[in-house]
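What follows is a single structure, written as structure tokens, with notes after it.
Atoms within each ligand, like the ligands themselves, are counted from 1 in listed order.
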Amino acid sequence: MTKKEQKIQEGLENVIACKTEISRIAVEDGKGILEYRGYPIEELAEKSTFEEVAYLLLFGELPKKYELEAFSEELKEKRELPPQIIGLLTHLSPFSHPMVVLRTAVSYLGTMDKYIHYRNHDVSIEKAKSLIAKFPTIVAYFHRIRCGQKLVHPREDLGHAANFLYMLRGEEPNEIEVKAMDVDLILHADHELNASTFAARIAASTLADIYACIVAATGTLMGPLHGGASQRVIEMLREIAVPWRAEEYIKRKLNKGERIMGFGHRVYRTVIDPRTLILKRLAEKLAREKEPKWYQISIAVEDAVYKHKKLYPNVDFYSASVYANLDIPDDLFITVFAISRITGWTAHVIEQYENNRLIRPRAHYVGEIRKKYIPIDER
Ligand code: COA
């Protein structure tokens, strides 16, 4: 194929940009597939914990019992924030979006790392563990600071999911809440070459430091077409307010040509996202224990969107009712995604460093060419 004949793949749709051993997504036999390092997401969500999945993504294998214990201990030891970061969280405007705060804190953490430019495997793994451990603390501390509440420090006897809810809410979550949070974190941990992970890999391909890569990823996740969708979903559910208004609302939005947040997916176009099926069951379980209306409205929205647009919900759709029933404030929804996805991002950055080729695609120039330069006084 000559250069002229090369087809432009807008949005890089279906373009294979790199090899990865971290996760696989596919549509096979009419079913959406997601595997982390070869293990089906359904089994991981049922049988493992977030810490186990983080280990799997970073090291490539499921941990033995003693390895998981040591890894979990290390995460616990790294949870507390340096006083400079707490100072930063105190100084930032309480009206800042928590995702903006998170990416600012990541950048600040980079200034405090003497070995910021070291990229060998072991050093990168240490940095990854530190970021995974600190993400929940940054989010919870900022939330409490902006609400004028006292900080709730990490508790060593609590796992990653339970400790996050505890630091955020100031009281220990119950077993059902912990399981829901843990499964949600497992489901969001990696998803092949989604936009934020690609952003991280592009930065890594220039051999930028890991903090720079994660800042690129957190910035990219925030967009409403990516992780920002879940916040828009809860705002929509609040607007609809009761299930019987859902169909009318959806029809109106679609007629105006608007997108319904939490629906559609670049890869799972014709099938349901496998994570959605698990999240829907979680949302239903929480609805039985706590506030049922989020789940009830969500079901009505799902039916209406399928009826009028034949689109399936994606991972962000039922996350919204899960988070609402975990008493997580709306503008923290994206940060929960980031608290989980930091595992995938760091695993991908390390993979990119270890088999690197600069990511530098081309653009097809469609502007004017060979124009005559006109001196400024003659324009
Ligand atoms: N609401 C309404 N219509 C949607 C839609 C949505 N959420 N998602 C896709 N569509 C429609 C498009 O309008 C288009 O319809 P048409 O063929 O009648 O014009 C068709 O489905 C294909 O959409 P396209 O824009 O090519 O899909 P994409 O692969 O570029 O987009 C998303 C993927 C995720 C960006 C898109 O589905 C979307 O915007 N979803 C809402 C945001 C969201 O939930 N993001 C989280 C993703 S995990």
Does Asn194 reach the main-chain N or O of His191 with its side chain, forming a donor-acceptor pair under 3.5 Å? yes

Mind checking what makes ring pair (Phe, Tyr, Trp, His ring centres under 6.0 Å) contact with Tyr115, not counting sequence neighbours? Tyr118

Check ring pair (Phe, Tyr, Trp, His ring centres under 6.0 Å) between Phe317 and all other residues, then give those that pass, not counting sequence neighbours. Phe263

Side-chain H-bond candidate by donor/acceptor type, Asp190 with His348, under 3.5 Å: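 Yes - a donor-acceptor pair under 3.5 Å links their side chains.
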
Mutual orientation of the aromatic rings belonging to Phe337 and His188 [parallel < 30°, tilted 30-60°, perpendicular > 60°]: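 Correct class here is perpendicular.
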
Pairs under 3.5 Å, N/O atoms on ligand 1 and on the protein: can you put them in a table with the distances?
from, atom 1, to, atom 2, distance (Å)
ligand 1, 1 (N), Ile260, N, 2.8
ligand 1, 7 (N), Ile260, O, 2.7
ligand 1, 7 (N), Phe263, O, 2.9
ligand 1, 18 (O), Lys309, NZ, 3.2
ligand 1, 25 (O), Arg259, NH1, 3.3
ligand 1, 25 (O), Arg259, NH2, 2.7
ligand 1, 29 (O), Arg266, NE, 2.6
ligand 1, 29 (O), Arg269, NH2, 2.9
ligand 1, 30 (O), Arg266, NH2, 3.1
ligand 1, 37 (O), Phe263, O, 3.4
ligand 1, 39 (O), Arg259, NH1, 2.8
ligand 1, 40 (N), Phe263, O, 2.8
ligand 1, 44 (O), Gly262, N, 2.8
ligand 1, 44 (O), Asn314, ND2, 2.9
ligand 1, 45 (N), Leu225, O, 3.0

Ring pair (Phe, Tyr, Trp, His ring centres under 6.0 Å) contacts touching residues 128-179 (sequence neighbours left out): Phe50-His160, Tyr141-His153

